[in-house]
Amino acid sequence: MSERSSGRQIPVVVLAGFLGSGKTTVLNHLLHRSGGSRIGALVNDFGAVEIDAMAVAGALGDSTVSLGNGCLCCAVDASELDEYLERLARPSAGIDVIVIEASGLAEPQELVRMVLASELPNIVYGGLVEVVDAAEFDETRAAHPGIDRHLALADLVVVNKIDRVDDPEPVLKTVRDLVDRAAVVPATHGRVDPEFLFDCRPSEERIGQLSFDDLHRDDQEHDAHPHLHAGYDTLSFVSGRPLDPRRLIAFLDSRPPGLYRIKGYVDFGPYDVRNRYAVHAVGRFLRFYPEPWPAGAGRATQLVLIGTGLDTGALRAELERCVSDGASHTDDEAGMWGVLRYVQETEDPAA
Ligand SMILES: Nc1nc2c(ncn2[C@@H]2O[C@H](COP(=O)(O)OP(=O)(O)OP(=O)(O)O)[C@@H](O)[C@H]2O)c(=O)[nH]1
C-alpha cells in the first residue's frame, strides 16, 4: 500500500486559459512527461462533443472524469465537484495529482473556490495554472478584459505558442506586469516542466509523495532533458539543526516572485518534537502538513527550491539564517502560530 492511502493528500491543480490557448496540449504534455506520477484529469468541455476528453482519453484510461454538460464552474457546486474528485482520489486509483482542465470560458476563481471548499480529506488545492496564447494575447485581452483578472489570480502562467510570435518579450513583459507573484513560463506546444505543477515520481518507483530521494533523482533526470529546464534554478538545502519557525515564515512571506516551487520537510525541533512538517509551495500558494516523524528517520530539514532568475547563493544564506540558534523554546507557545496559519485543518469534519 502506498503512503497516500494512509493520509497523504493529492494536490488538485486547476488548468485554465482562454479558448484555444493550449490547455489540452499542456495536459497531454504533462500526461506524457510525468514520469512515474499518475495524473487524474477532470476534463470540462464546453459543448456537446467532448473533444478534449477524447484528446486526452487515450493517455488516461480510467483516470479521466469527463463532464460534457457545460461549464464546470456553472454546472456543478462544490459537493458535486467533490463527487467527481472522490472518484479520482480513491486510494485504489493510485493517483498522485489531479488536474482540472477548465473550459475556455470558465471562471477560474469559481473552480478554485470549489476546490478549496472541498470536504474530501485526501485532496488539497495545488494552484491555478493559466495558459495564454502568445500570438492572440493582445486581441483576446481587448475583447475579454476579464483575462487580466484571471492572470492576477494565477500561480503559474504558461505563455504558450511562443513559436507563433517573432519576439516573445513584449507579451512576456505584459503578462509579468499583470500577474501577482506568479511565475511566467514561456512554452511551445505546451511543453512546460511538470515539476512546476507537482512532484514527479521516477518511473520505476511509486512510493509516497514528496520523497526527497525522488526529488534528487528528478534533478538527475532534469540533466538528461535540459531543453525543458533552460533558465530554471534549483537549490537543495539540508540542515541537521532545527529551523526557527518565525524566521522561516519571514523568509517564506518575503520569497521572491521567481521562486515558484518549494517542497520538502522541515524540522522545527523543540517547537514540535513529534512531527515533521512537509512544505509545499506553488507560486503564492503555501501549505504545511504536519506528520509524525517516521520511526527511525533521521531528524533533518530537507528543502528543494525551484524558480527562475533566483540568486541561489543569497537564498541559501537566508535559509541558513532560519536555522535555530539552539535556545530553549519550551515557553514560547506563539512561535508556531505563523506556521499553523498555513496548516489546513482537514481532520475536523465540521471544518
Ligand atoms: N503553433 C502552435 N500551435 C499550438 C501550440 N500549442 C497548441 N497549439 C494548437 O492550438 C490549438 C488549440 O490547442 P488546445 O490545446 O486544444 O487548446 P485549448 O485551450 O485546450 O482549447 P479549448 O478547449 O477550445 O479552450 C490546437 O490546434 C493545438 O495543436 C503551440 O505552442 N504552437
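From a predicted model like this one, the values you see are computed outputs, not experimental measurements. Counting convention: from 1, in listed order, for ligands and their atoms alike.
- Residue-ligand proximity: S21 is placed with a non-hydrogen atom under 4.0 Å from ligand 1.
- Using a 3.5 Å distance cut-off with no hydrogens or angles, the side chains of D82 and S118 do pair a donor with an acceptor.
- Checked against a 3.5 angstrom limit, the closest N/O atoms of H189 and ligand 1 fall inside it.
- Residue-to-ligand polar distances place G22 within reach of ligand 1: an N/O pair is separated by less than 3.5 Å.
- Considering V159, T25, L15 only, the shortest heavy-atom separation from atom 15 (O) of ligand 1 involves T25.
- Between D267 and R276 there is no salt bridge, since no side-chain N of the basic residue sits under 4.0 Å from a carboxylate O of the acidic one.
- Within 6.0 Å of CD in E320 there are more than 12 heavy atoms belonging to other residues, nucleotides or ligands.
- Distances below 4.0 Å separate heavy atoms of R164 from the following atoms of ligand 1: 1 (N).
- The backbone N or O of P290 lies less than 3.5 Å from no partner atom in the side chain of N275, so there is not a single donor-acceptor pair.
- For the residue pair Y277 and D272, a side-chain donor N or O sits within less than 3.5 Å of a side-chain acceptor on the partner.
- In this structure, the separation between CG on L319 and CZ on F237 is 5.0 Å, given to the nearest 0.5 Å.
- Residue E101 has at least one heavy-atom neighbour below 4.0 Å for each of these atoms of ligand 1: 20 (O).
- Across the listed options N28, T24, V131, N160, T24 owns the non-hydrogen atom lying nearest to atom 16 (O) of ligand 1.
- Those atoms of ligand 1 with a heavy atom of T188 less than 4.0 angstrom away are 31 (O).
- Using a 4.0 Å cut-off to heavy atoms of D163, the atoms of ligand 1 that qualify are 1 (N), 2 (C), 30 (C), 31 (O), 32 (N).
- Ion pairing between a basic and an acidic side chain is recognised when a charged N comes within 4.0 Å of a carboxylate O; E110 and R113 show such pairing.
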